[in-house]
Chemist: 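Got a structure for you, questions after.
No experiment lies behind these values; they were computed from the predicted model shown. Counting starts at 1 for both ligands and their atoms, in listed order.
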Amino acid sequence: MNKIIFLGLIAVLFLAFSCNTDQHSAKKNETSEIKKPNVIIIYADDLGYGDIGAYGATALKTPNIDMLANGGLMFTNGYATSATCTPSRYAILTGTYPWRNKDAKILPGTAPLLIDTAQLTLPKVLKSQGYNTGIVGKWHLGLGSGNVDWNTHISPGPNDVGFDYSYIMAATQDRVPTVYIQNGYVTNLDSNDPISVDYNENFPGEPTGKDNPEMLKMKWHHGHNNSIVNGIPRIGYMKGGESAKWIDENMADTFLLKAQQYVTNHKENPFFLFYALQQPHVPRTPNPRFVGSSGMGPRGDVIIEADWCIGEFIKTLESEGLLENTLIILSSDNGPVLNDGYYDDAVEKLGKHNPLGPLRGGKYSLFEGGTRVPFITYWKGKIQAGKSDAVVSQIDLLSSLAVLVGSDLRGQDSKDYLNTYLGKSTIARDELILEASTRTALRKGDWILIPPYPGPEINQYVNIELGNFSNYALFNLNTDLGQRDNLADSNPEKLKEMIAAYEKIKGLEPQQIESLELK
Ligand code: NG6
Ligand code: CA
């Protein structure tokens, strides 16, 4: 009797197993026939809403970005989560609002990794669906877990939060260490000339921008007066690593080449590439090929250079036959700034160009100019060319791309707007928290609520209006895109509704609401 049951069980198991393998192979055939699309995010640094031809710039020519904008979907209400870099990058990669993480602010080059290695990230989502994942360019999300030794394997870093391949600069072009790091190792490092980095104290005998102006080829305006690398004074002190130091004027070409190589090496299988351009962040160091190309000095020249890089990169996708199966998303991490710490003629040679377009504020600002950025989706043959006024945010890319690649994973604050990104729907994000250096505002429909914050109205150094008000400010973007008309007093009903919505998202207690109102 027992034997019969046993044999029966074996038969059932055998059937179940063979059925399962049949299903499995059917599924495998299906997926190998329809190859999953590649996903590429091209992420500029400090590129303004008005810096691109398609968005209205006439003095600056950006034909390659315009090709993406005119041949794809150009969003006029696309947002970075924040008006500075680190928090925006944190949000696009984690789908979590940066104000939930108290450390998500502009980081020094020695900061530990900001993203928890256990946290869900966009590259992890794609990896879970069989994608190879790569990042080339600016990181600025911290490395290691404190006291990084730059002379050995640097970890945790991008390769521990979902990227299979990384070729990065640690922080910004104006911060040390001024070296490239490939999969956790500083490239071209001579072990006899080890790197030391300190953000508090200089190393004995090392020149600085402050004390050695005669050594500078670019002068500092504010900050940026610590170690000198390639004649450019930086933020932070660095010693050693001579052979590993980057050449600023070659940075664009270097990142482009690595991005192209990544594509070529991974073209056979689905891949995700985060191509994080360093332009037009300071110090602006166009390759000699681009010097003078804009007539606007280095800031304009590096935008022309970035546009060229994007053109070359697209040519690679084209020649590899990948354009029809690749979704390209182009955006910027925050709004524009002219003088961000160096004398580089950005203000003096601006002429009629307006990097903000119709917006108010700029980088560091709670006004629209801080967070509303160029935002383009392009997919040859799949996305119909057009313009979209739908409110979209980079924070939603994680969950939307999860849907694209067939994953059930979702980010904490990230929602699925895939069809909006693909132009199949006009559904917009209903509520969006905007952030500028830990201050936050709310966009809901056409309305913007800016809570009261202490501090100056203008950052005098960069000459940007920050959006600090002594009381709640309310704007209607439909009638007042430039945010000149504060409707808080004349529209108390709307103000109340917006405050309630804001507090609900931010999760503040009622007492905190009162104290904010009284400020
Ligand atoms: C600021 C720097 C600015 C820029 C910014 C980061 C000074 C005075 N200013 O602290 O030059 O580096 O940090 O920019 O040091 S971001 O785009 O990476 O957020
Ligand atoms: Ca930036």
Side-chain angles (χ1 to χ4, degrees), residues 41-49 51 79-93 98 103-111 114 137-143 168-178 199-200 208-210 218-227 229 232-237 248 251 274-285 298-299 302-303 306 330-344 346-347 355-356 361-366 369-374 394 435-439 456 459-464 466:
I41 297 178
I42 302 175
Y43 208 48
D45 192 359
D46 298 1
L47 187 67
Y49 189 82
D51 276 325
Y79 289 88
T81 61
S82 311
T84 54
C85 160
T86 302
S88 286
R89 280 161 212 263
Y90 177 82
I92 196 173
L93 289 181
D103 297 322
K105 47 189 190 227
I106 298 173
L107 296 176
T110 45
L114 180 65
K138 178 176 179 177
W139 177 240
H140 209 188
L141 286 163
L143 292 168
I168 57 166
M169 65 165 144
T172 57
Q173 207 185 327
D174 54 353
R175 283 174 175 75
V176 298
T178 48
Y199 268 70
N200 298 314
T208 66
K210 191 158 178 266
M218 196 188 283
K219 283 192 183 152
W220 56 279
H221 175 271
H222 56 277
H224 305 95
N225 59 15
N226 302 155
S227 283
V229 181
I232 302 172
R234 318 276 167 159
I235 308 172
Y237 302 100
D248 294 86
M251 185 175 278
F274 193 78
Y275 178 19
L277 306 171
Q278 90 283 9
Q279 305 110 323
H281 194 282
V282 296
R284 296 155 183 146
T285 53
R299 184 175 187 276
V302 297
I303 292 176
L330 182 138
S331 199
S332 174
D333 66 342
N334 52 253
V337 55
L338 294 173
N339 180 340
D340 205 13
Y342 295 96
Y343 286 97
D344 66 0
V347 176
L356 281 167
K363 182 176 181 178
Y364 310 109
S365 177
L366 260 189
T371 49
R372 200 194 289 208
V373 285
Q394 292 165 10
E435 191 210 40
S437 312
T438 71
R439 298 166 295 137
N459 177 329
Q460 300 285 357
Y461 291 113
V462 294
N463 193 23
I464 285 175
L466 296 172

Chemist: Distance under 4.0 Å to a non-hydrogen atom of His222: what atoms of ligand 1 satisfy this?
Modeler: 8 (C)

Chemist: In ligand 1, which numbered atoms sit nearer than 4.0 Å to a non-hydrogen atom of Asp45?
Modeler: 17 (O)

Chemist: How far is atom 17 (O) of ligand 1 from its nearest protein heavy atom, and which residue and atom is that?
Modeler: Lys363 NZ, 2.9 Å

Chemist: Can you name the atoms of ligand 1, numbered from 1 with element, that are less than 4.0 Å from a heavy atom of Asp174?
Modeler: 3 (C), 4 (C), 11 (O), 12 (O)

Chemist: Could you go step by step and tell me if Thr285 and Gln173 meet the side chain to side chain donor-acceptor pair (under 3.5 Å) rule?
Modeler: CA-CA 10 Å; Thr285 53; Gln173 207 185 327; 2.9 Å; yes

Chemist: Give the numbers and elements of all ligand 1 atoms closer than 4.0 Å to a heavy atom of Lys138.
Modeler: 16 (S), 17 (O), 18 (O)

Chemist: Any non-hydrogen atom of Cys85 lying under 4.0 Å from ligand 1?
Modeler: yes

Chemist: Just by modelled atom types, is the His281 backbone N or O under 3.5 Å from a matching donor or acceptor in the Arg299 side chain?
Modeler: no

Chemist: What I want to check is whether the side chains of Thr86 and Arg89 have a donor and an acceptor closer together than 3.5 Å.
Modeler: no

Chemist: Mark up the atoms of ligand 1 that fall under 4.0 Å of a heavy atom belonging to Asn334, in ascending order.
Modeler: 17 (O)

Chemist: Just one of Ile42, Ile41, Val373 clears the side-chain contact (heavy atoms from CB on, under 4.5 Å) bar with Ser331, so which one?
Modeler: Val373

Chemist: Would you indicate which of Arg89, His224, His221 comes nearest to atom 7 (C) of ligand 1 when only heavy atoms are counted?
Modeler: His224

Chemist: Go through ligand 1 atom by atom and flag the ones less than 4.0 Å from a non-hydrogen atom of His140.
Modeler: 18 (O)

Chemist: Main chain of Asp46, side chain of Asp333: is a donor-acceptor contact present, judged purely on distance under 3.5 Å?
Modeler: yes

Chemist: Return the name of the atom in Asp45, of element N, O or S, nearest to the Ca ion (ligand 2).
Modeler: OD1

Chemist: Which residue from Tyr364, Tyr461, Tyr342 reaches closest to atom 5 (C) of ligand 1 through any of its heavy atoms?
Modeler: Tyr364

Chemist: With heavy atoms only and a cut-off of under 4.0 Å, state how Gln278 meets ligand 1: side chain, backbone, both or neither.
Modeler: neither

Chemist: Do you know which N/O/S atom name in Asp46 is closest to the Ca ion (ligand 2)?
Modeler: OD1

Chemist: Would a distance-only check, ignoring hydrogens and angles, find a side-chain to backbone donor-acceptor pair under 3.5 Å from Ser332 to Pro374?
Modeler: no

Chemist: Within the 3.5 Å criterion, strictly below it, is a donor on Tyr364 or Asp340 matched to an acceptor on the partner's side chain?
Modeler: yes

Chemist: With a cut-off of 3.0 Å, does Asn334 place any N/O/S atom under that distance from the Ca ion (ligand 2)?
Modeler: yes

Chemist: Looking at Gly209, is its backbone amide N or carbonyl O close enough to the side chain of Trp220 to form a donor-acceptor pair, meaning the two atoms are under 3.5 Å apart?
Modeler: yes

Chemist: Closer than 3.5 angstrom, by distance alone: can the side chain of Arg175 be matched with the main-chain N or O of Ala171 as a donor-acceptor pair?
Modeler: no

Chemist: Between Asn226 (side chain only) and Gly236 (backbone N and O only), is there a donor and an acceptor less than 3.5 Å apart?
Modeler: yes

Chemist: Answer yes or no: does an N/O atom from Asp340 fall short of 3.5 Å to an N/O atom of ligand 1?
Modeler: yes

Chemist: What do you reckon, does Thr84 have a nitrogen or oxygen under 3.5 Å from a nitrogen or oxygen of ligand 1?
Modeler: no

Chemist: Going by the order shown, which atoms of ligand 1 are within less than 4.0 Å of some heavy atom of Thr172?
Modeler: 18 (O)

Chemist: Do you know which N/O/S atom name in Asp333 is closest to the Ca ion (ligand 2)?
Modeler: OD2

Chemist: Tell me which part of Trp220 gets within contact of ligand 1: side chain, backbone, both or neither, using heavy atoms under 4.0 Å.
Modeler: neither

Chemist: How are the rings of Tyr342 and His224 set to each other: parallel, tilted or perpendicular (split at 30° and 60°)?
Modeler: tilted

Chemist: Is the ring centre of Tyr199 less than 6.0 Å from the ring centre of Tyr237?
Modeler: no

Chemist: Please could you name the atoms of ligand 1 that Ile235 approaches to less than 4.0 Å, counting only its heavy atoms?
Modeler: 15 (O)

